Amino acid sequence: MNAACPTLHGPDFLRAPHDAAFRAGLRDWLARELPRLAAGRGPAERQSGDFRLAWETHICRAGLSGLGWPLEAGGHALSLARQAIFHEETARAGAPLAVNLIAHGIVAPTLIAFGTEAQKARFLPRILDNSEIWCQGYSEPGAGSDLAGLALKAVRDGEDYILNGQKIWTSFAHLSQYCLLLARTGQGSSPRHGISVLLVDMALPGITVRPIRQITGEADFNEIFFDDVRVPVSALLGAENDGWRLAMAAANYERSTYFVPRVVRLQIELDRLIRLASGRTRAGRPLLEDPQIRRRLGDLGLAAQALRLFADHILAQAEHGTASGTESSAIKLMWSETHQQLFDLAMEIQGTDALLGPQEPSAPEEGAWTRDYLWTRAETILAGTSEIHRNIIAERGLGLPR
Amino acid sequence: MTIASHLSFSDPELHRGVAEAMAAAALTPAGAADPAEIARHQALAQDLGWLAARIPEAEGGLELGLDFAADLCLEVGRHLITGPLRETLVLLPALAAELPELRPLLAGVLAGEIRLALAEPAGAGAGGEGAGDLVPWLRQASHVLWLEDDGAGGMQGRLCPVAALQAADLQSLDPTAGLCRVTAVPPGAAVGFVLAAEAAARVRAALDIATAAEHLGLAEAALARSLAHLGERRQFGVAIGSFQALKHRLADVQIAQSAARLAIAAAVAPGALPQAAALARILAADAAATATASGLQLLGGLGFSWENDMHLYLKRARRLACGQGGVEIRRQAAGEAVIAAALAEAD
């Protein structure tokens with residue numbers, strides 16, 4: 001029973017005696033619920049922010065959130081193995097990607113670890129039932145890879161902080177009620193030592209959200225301008241000027257299961273791509289007769305197998321309590337680059353359909369292949385650029401000089 | 001020296017003993033063609049019981065798992081140990097497990113008298129079946145094995161005593177391994193055998209795992225040498241290891257090795273399918289290719305010099321990658337299986 005949310009008891013399979021029964025129960029549940037919600041919606045609509053949010057909220061209201069949270073925080077305290085099974089099965093069922101992943105994956109675990117009782121009581125229940133959406137106010141025009149160079153100021157004034165500055169690339173800020181904000185509250189001995197984390201109400205006066213159009217055609221990320229925004233001191237998470245440490249801890253919470261659904265999805269996308277290719281011709285000949293195409297599809301399959309080994313290994317390490325420092329960077333690199341190669345090939349396999357735009361309704365899968373091709377260009381940039389991850393592996397993994 | 005458990009496929013203590021012995025026996029570039037050096041390595045393998053690793057206890061062996069064989073072959077690669085160890089230590093016992101008529105050879109293996117070299121088909125020549133074929137390690141072997149797929153999942157093979165055939169010495173690409181061309185195989189000198197698909201799959205998997213592990217050892221050694229050089233070499237007032245382009249190259253080298261290591265671990269795990277061994281061999285060959293090529297590049301002129309060991313790793317990796325039809329055939333077969341599985345699901 002979720003202490004914070006008595007109604008979110010959740011389906012019975014959550015309490016199954018062993019993992020195989022958990023998996024089977026979850027699979028059945030997904031096989032009933034997802035088609036019911038997706039009924040009548042085409043591929044484009046099923047990828048839309050609206051549907052993604054509707055599905056996510058449905059899952060949460062059914063009690064399937066807070067899976068890994070401690071019981072006293074309102075969670076189910078499921079094992080890592082069961083959390084991984086949940087991610088795997090939802091990916092396999094073709095569930096849409098989450099919208100509120102910042103709240104579930106970063107804000108909630110950080111609140112549980114560092115929040116006051118008042119903050120936990122105020123925010124955790126509404127993350128559990130998905131009634132509040134969060135965005136992550138980290139990057140700035142002048143602070144991307146060098147996040148510690150952030151300049152948005154939070155100046156103490158009585159019982160408030162006054163915020164001035166700008167954030168950029170903030171996904172779903174236009175839908176969010178709250179923002180996990182990194183702000184500069186001091187000038188420490190190094191840039192990292194003057195940063196604080198604030199939990200900011202997006203409805204406060206002085207906050208302006210401006211959508212930025214992505215190359216995919218949608219505008220899911222934003223600039224956020226803060227002009228003399230007053231937030232109460234109670235919005236501070238953890239200690240003042242200790243924010244960098246919290247932000248680094250926050251980045252680690254999802255690490256062990258983060259790639260489980262992603263590698264499952266990649267395998268499914270590859271299988272779909274092979275089937276797409278089997279129905280296509282080029283210069284009058286079946287595309288799958290082309291040894292180059294077969295070779296590239298085959299190589300993607302081998303990469304998918306290697307990625308699965310990595311994901312399982314990272315999960316196993318987490319279950320044994322051993323930290324993986326550079327392995328997360330390795331899998332992120334490998335997954336993002338393989339994912340891009342998959343959609344590069346998809347664009348070739350699409351032939352002249354590749355001329356159609358990402359929102360063109362008559363395109364195959366209503367433009368999904370093209371939208372995903374464009375979207376994957378971001379995957380080597382977000383969550384740490386490939387270049388940064390290679391630096392991490394070289395410096396922290398191989399010991400090369402900084 | 002300790003070995004972190006994550007760097008061993010089997011018991012780290014067993015692995016450590018092997019690693020220390022091989023490090024102490026390490027080959028020098030000058031010794032690569034030196035008969036005394038070769039003999040020293042051969043004796044080592046026998047004295048320390050490595051040849052007994054995959055032989056059943058009932059036949060006088062240690063009956064250790066493929067996971068230990070993988071650690072052994074890893075160190076063979078890392079230290080460029082000479083001799084047909086992969087073939088004698090892993091392949092021959094794997095064949096003997098399927099073919100009772102080969103079991104009497106195992107006593108000879110333990111005694112250091114029987115060593116197996118694996119022939120590579122190189123086009124027909126006059127002089128009997130097998131003439132014209134290339135055999136690494138022929139002069140260090142007592143028997144030559146021909147092994148080929150029958151096209152239906154099985155294998156057929158022939159085993160011939162070295163004393164019965166004639167061979168010419170060739171310059172080998174890999175200076176750490178002698179090479180011969182078979183010039184004559186008298187009729188009846190070779191004994192034939194056949195392996196059905198399931199048995200063939202087990203033999204193939206064993207050889208794939210051993211080869212993958214040796215590739216990984218080469219890759220790890222090349223990376224270690226690259227890192228050492230990058231720490232010492234200074235240009236423009238700094239250690240060249242601080243240059244991002246070189247860091248990024250070695251990060252990719254490391255990732256390839258991590259993938260290969262995970263694949264070998266999966267292939268030696270209980271209940272592993274033969275496809276896991278094939279994946280391991282492909283990934284490890286790729287890891288060795290990139291590590292040795294990068295190693296040569298990062299060492300600059302030194303990397304290109306015969307006197308520096310780096311070329312030995314490059315060349316041995318290339319030799320192993322050519323074997324049994326080469327990595328590309330495996331890559332193609334594994335890829336075809338991916339496509340077939342996706343299309344089958346749709347039906």
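Within every chain, numbering begins at 1; the chains are lettered A, B, ... in the order of the sequence lines, protein sequences first and strands thereafter. Worth saying up front: this structure is predicted, and the values here are computed from it rather than measured. Computed from heavy atoms alone, side chains included, the values below leave out hydrogens, waters and symmetry copies.
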- When the 4.5 angstrom heavy-atom criterion is applied to B:Gln254 and chain A, the contacting part is side chain
- Query: Distance from A:Leu302 atom CG to B:Gln275 atom CD, nearest 0.5 Å?
  - Reply: 11.5 Å
- Note on the structure: Here the pair of heavy atoms bringing B:Leu279 nearest to A:Gln305 is CD2-OE1, 3.6 Å
- Message: Using only atom types and a distance under 3.5 Å, with no angle test, would you say the side chain of A:Arg390 pairs donor to acceptor with the backbone of B:Arg249?
- Response: no
- Task: Sort B:Ala263 into side chain, backbone, both or neither according to what part of it lies under 4.5 angstrom from a heavy atom of chain A.
- Result: both
- Nearest 0.5 Å, what's the CG-CG distance between A:Leu288 and B:Leu343? 6.0 Å
- Where does B:Leu283 contact chain A at under 4.5 Å (heavy atoms): side chain, backbone, both or neither? side chain
- Message: I'd like to know which of A:Asp271, A:Leu400, A:Leu297, A:Ile393 tops the heavy-atom pair count under 4.5 Å against chain B.
- Response: A:Leu400
- Considering only heavy atoms and a distance below 4.5 Å, find which of A:Ile331, A:Ile392, A:Asn391, A:Asp299 pairs most often with chain B. A:Asn391
- Is the number of heavy atoms from other residues, nucleotides or ligands within 6.0 Å of CZ (A:Arg396) greater than 12? no
- Item | Region of B:Glu328 that comes under 4.5 Å of a non-hydrogen atom in chain A | side chain
- Region of A:Leu270 that comes under 4.5 Å of a non-hydrogen atom in chain B: side chain
- Task: State whether the number of non-hydrogen atoms from other residues, nucleotides or ligands found under 6.0 Å of B:Glu198 atom CD is greater than 12.
- Result: no
- Note on the structure: Heaviest contributor of heavy-atom pairs below 4.5 Å to chain A, chosen from B:Ala266, B:Gly241, B:Gly335, is B:Gly241
- Residues A:Arg275 and B:Ala342: closest non-hydrogen pair is NH1-O, 3.2 Å
- If you tally heavy-atom pairs under 4.5 Å against chain B, which of A:Arg272, A:Met334, A:Glu387, A:His389 wins? A:Glu387
- Task: Assess whether atom CZ of A:Arg192 is packed by more than 12 heavy atoms of other residues, nucleotides or ligands within 6.0 Å.
- Result: no
- Query: Hey, what do you get for CZ (A:Arg295) to CD (B:Glu336), rounding to the nearest 0.5 Å?
  - Reply: 11.0 Å
- Would you give the length of the straight line joining atom OG of B:Ser242 to atom CZ of A:Arg402, rounded to the nearest 0.5 angstrom? 12.5 Å
- Item | Heavy atoms of other groups near B:Arg319 CZ, more than 12 under 6.0 Å | yes
- List the atom of A:Leu398, the atom of B:Ala251, and the distance in Å for their closest heavy-atom pair. CD1-N, 4.2 Å
- Minimum-distance pair of heavy atoms, taken over all atoms of A:Gly298 and B:Val338: O-CG2, 4.3 Å
- Crowded around A:Arg32 CZ? As in, over 12 foreign heavy atoms under 6.0 Å? yes
